[in-house]
There are 2 protein chains.
Amino acid sequence: MSAVDKAFHGLRHMIATGRLGPGERIPPEAELGEELGVSRGPLREAVRMLAALGVVEPRHGSGTYVSQLRPEDVIGSLSLTLELLPLSGLLEVYEIRRVLEAHVASKAAARRTPETVKTLFSLIDAMEATEDPTEASELDHRFHAEIARAAENPTLATLLAVFRARSRKYQVFTLPEGPEMRRKSDADHRVMATAIADRDPGAAAGAAEAHVAQTERWLRAFMPPVEEDEDTSGDTAG
Amino acid sequence: MSAVDKAFHGLRHMIATGRLGPGERIPPEAELGEELGVSRGPLREAVRMLAALGVVEPRHGSGTYVSQLRPEDVIGSLSLTLELLPLSGLLEVYEIRRVLEAHVASKAAARRTPETVKTLFSLIDAMEATEDPTEASELDHRFHAEIARAAENPTLATLLAVFRARSRKYQVFTLPEGPEMRRKSDADHRVMATAIADRDPGAAAGAAEAHVAQTERWLRAFMPPVEEDEDTSGDTAG
DNA sequence: GCAGGGAAAGTCATCAGATGACTTCCGGGC
DNA sequence: GCCCGGAAGTCATCTGATGACTTTCCCTGC
């Protein structure tokens, strides 16, 4: 086993067994390296691996801390890599998204509060009012995020947010057919929001699934990946 | 921006823009470090991060290669960290699993081949025959993996395999109540397999969801995490 | 006694050089 | 034609030193 593996598994084991708990600071590099029997180089590489996976977080000058280890912490790590997938593989992701969006819509319909309904419709109004495709995309994201939030499963909400972020790289609304697509999309949103407002889980699930399927169809038809030099990772969704 | 970030994003950008394609070897450390303007230390840390995320794979003595970038490549990275989650967060994962297992069961029922059915029942027979809880757990995994495979979405199959692996750390069958649980579990499996054999998607989905829900209930009741020093990562599922 | 400033310690970040380990390839020997 | 050995290329690791940032604490001034 290589030194990096030794450090990686050793550190992971310390966390798995509870010797290092969520939020806790891990020992300094020199000390930990000696304990694990590796020098600082490989140890740092192992720490970076765990950081990329959302398990620890190094803070310059302060120390390295174990994350809170919530499901969304580790699932969020996918957002850095999912957008590297070729479009072909993305279609498989879409099938998953279809199923899960339908589920959260259904659950949101069952558990909705008046505030949720109000938020959803105000987001729809804003979407229909704006001309800026980027803003529309942002509002669309917040609309779906709000539904996922209402379903009361943060893990699932994070997973769907990751999947959606990948799709947003393709800004279909900027195409010539964009305006027509947006009208259709807006109509879908109204159907979904209405079903949720009516506490009708079946209708909400159906509308959500149809909406995702429609988006998938558009993406399949045109696929101009947008060149980007992020970070535009402003997660302004409430 | 730190040197590690510069190297990480630089490398990721090279892959995102297609300058480095799947399976391709990236430039040697010295060369790449010079191009990105960082020394070998931080560059290696950035490479390790991408390796942890399933994007690249360093091979000692040969070079570092971009992965095939299939969805399962990057999703598989979750398996290293999902088992670090506390049980409380795991319940949210179970809800997702319930929905997705139901979906794959339904799809498997629609697309099943005679070979699939044969495999499923032979796995059930083997499960009922064995006394070894570890072997039973392994067969259980293969049973569910076979159903996911039949649904023809490798990404989804990988995602479910990751979720299941987390649950298997809790070997509920070794409890005093184990034998009774296993009888119930075996019965569930027969219902699922029969629904799939009958090409009845609705019944298959219902049976799968009920089965996962049952497992979840057991886990919620007893939760003795099994200490382990893997790797037992033998993915023997066909 | 208290608030502010600044020094000092602790820790991660980075660079540089050297050496070892492993893979790959090629040519020589049989 | 096959096998073996060596050379080159590349990643893996160690060591030492320096810089950057954060945190703590003491000292100063009021």
Side-chain angles (χ1 to χ4, degrees), chain A residues 1-15 19-69 73 77 80 231, chain B residues 1-15 19-69 73 77 80 231:
Chain A
M1 182 184 286
S2 74
V4 174
D5 284 351
K6 206 164 30 164
F8 180 82
H9 286 113
L11 201 40
R12 194 171 66 119
H13 191 253
M14 289 170 74
I15 296 171
R19 179 167 157 199
L20 292 175
E24 197 170 337
R25 189 174 75 173
I26 75 177
E29 289 177 352
E31 185 179 328
L32 190 54
E34 187 173 5
E35 175 179 341
L36 296 173
V38 301
S39 77
R40 283 182 45 236
L43 174 61
R44 282 182 57 81
E45 293 179 22
V47 168
R48 289 290 187 187
M49 290 171 72
L50 287 168
L53 294 169
V55 175
V56 303
E57 178 195 353
R59 296 179 205 163
H60 190 171
S62 171
T64 298
Y65 299 79
V66 179
S67 82
Q68 290 305 314
L69 294 181
D73 290 328
S77 69
L80 291 171
D231 297 357
Chain B
M1 181 183 286
S2 74
V4 174
D5 284 351
K6 206 164 30 165
F8 181 82
H9 286 113
L11 202 40
R12 194 171 67 118
H13 191 253
M14 289 171 73
I15 297 171
R19 179 167 158 199
L20 291 174
E24 197 171 336
R25 190 174 74 173
I26 74 176
E29 289 177 352
E31 185 179 329
L32 190 53
E34 187 173 7
E35 174 178 342
L36 295 174
V38 301
S39 76
R40 281 185 51 229
L43 174 62
R44 282 181 57 79
E45 293 179 22
V47 168
R48 288 290 186 187
M49 290 172 72
L50 287 169
L53 294 168
V55 175
V56 303
E57 178 195 352
R59 296 181 205 162
H60 191 172
S62 172
T64 298
Y65 299 79
V66 179
S67 82
Q68 291 305 314
L69 293 180
D73 291 327
S77 69
L80 291 171
D231 299 356

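Just so it is clear: chains get the letters A, B, ... in the order the sequence lines come, proteins before strands, and each one is counted from 1.
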Whole-Å gap separating C1' (D/dA12) and CZ (A/Phe8): 17 Å

For A/Glu34, all residues meeting side chain to side chain contact (heavy atoms under 4.5 Å, CB included), sequence neighbours excluded: none

Under 3.5 Å between N/O atoms: give me all the protein pairs with nucleotides 13-16 of chain D, atom names plus distance.
from	atom 1	to	atom 2	distance (Å)
D/dT13	OP1	A/Ala3	N	2.4
D/dT13	O4	B/Arg40	NH2	3.3
D/dC14	OP2	A/Ser39	N	3.0
D/dC14	OP2	A/Ser39	OG	2.7
D/dC14	O5'	A/Ser39	OG	3.4

Exercise: identify the closest heavy-atom pair between A/Val38 and A/Ala7: CG2-CB, 4.0 Å

Scan nucleotides 4-9 of chain D against the protein and return all N/O pairs shorter than 3.5 Å with their distances rounded to 0.1 Å.
from	atom 1	to	atom 2	distance (Å)
D/dG9	N2	B/Gly61	O	2.6

Residue whose nearest DNA chain D nucleotide is more 5′ - A/Tyr65 or B/Pro27: B/Pro27

Positional range of nucleotides in DNA chain C within the contact set of chain B, heavy-atom, under 4.0 Å: C/dT14 to C/dT23

Partner set under side-chain hydrogen bond (donor to acceptor under 3.5 Å, both in side chains) for B/Glu35, not counting sequence neighbours: B/Arg19

Listed pairs under 3.5 Å, donor-acceptor, residues 44-61 of chain B side chains, sequence neighbours left out:
from	atom 1	to	atom 2	distance (Å)
B/Arg44	NE	A/Glu45	OE2	2.8
B/Arg44	NH1	B/Glu29	OE2	2.6
B/Arg44	NH2	A/Glu45	OE1	3.3
B/Arg44	NH2	A/Glu45	OE2	3.3
B/Glu45	OE1	A/Arg44	NH2	3.3
B/Glu45	OE1	A/Arg48	NE	2.8
B/Glu45	OE2	A/Arg44	NE	2.8
B/Glu45	OE2	A/Arg44	NH2	3.3
B/Arg48	NE	A/Glu45	OE1	2.8

Minimum-distance pair of heavy atoms, taken over all atoms of A/Leu43 and A/Gly33: CD2-N, 3.5 Å

Exercise: identify the closest heavy-atom pair between B/Val66 and B/Gly21: CB-O, 3.4 Å

Side chain to side chain contact (heavy atoms under 4.5 Å, CB included) involving A/Pro27 - partner list, sequence neighbours excluded: A/Leu20, A/Glu31, A/Leu32

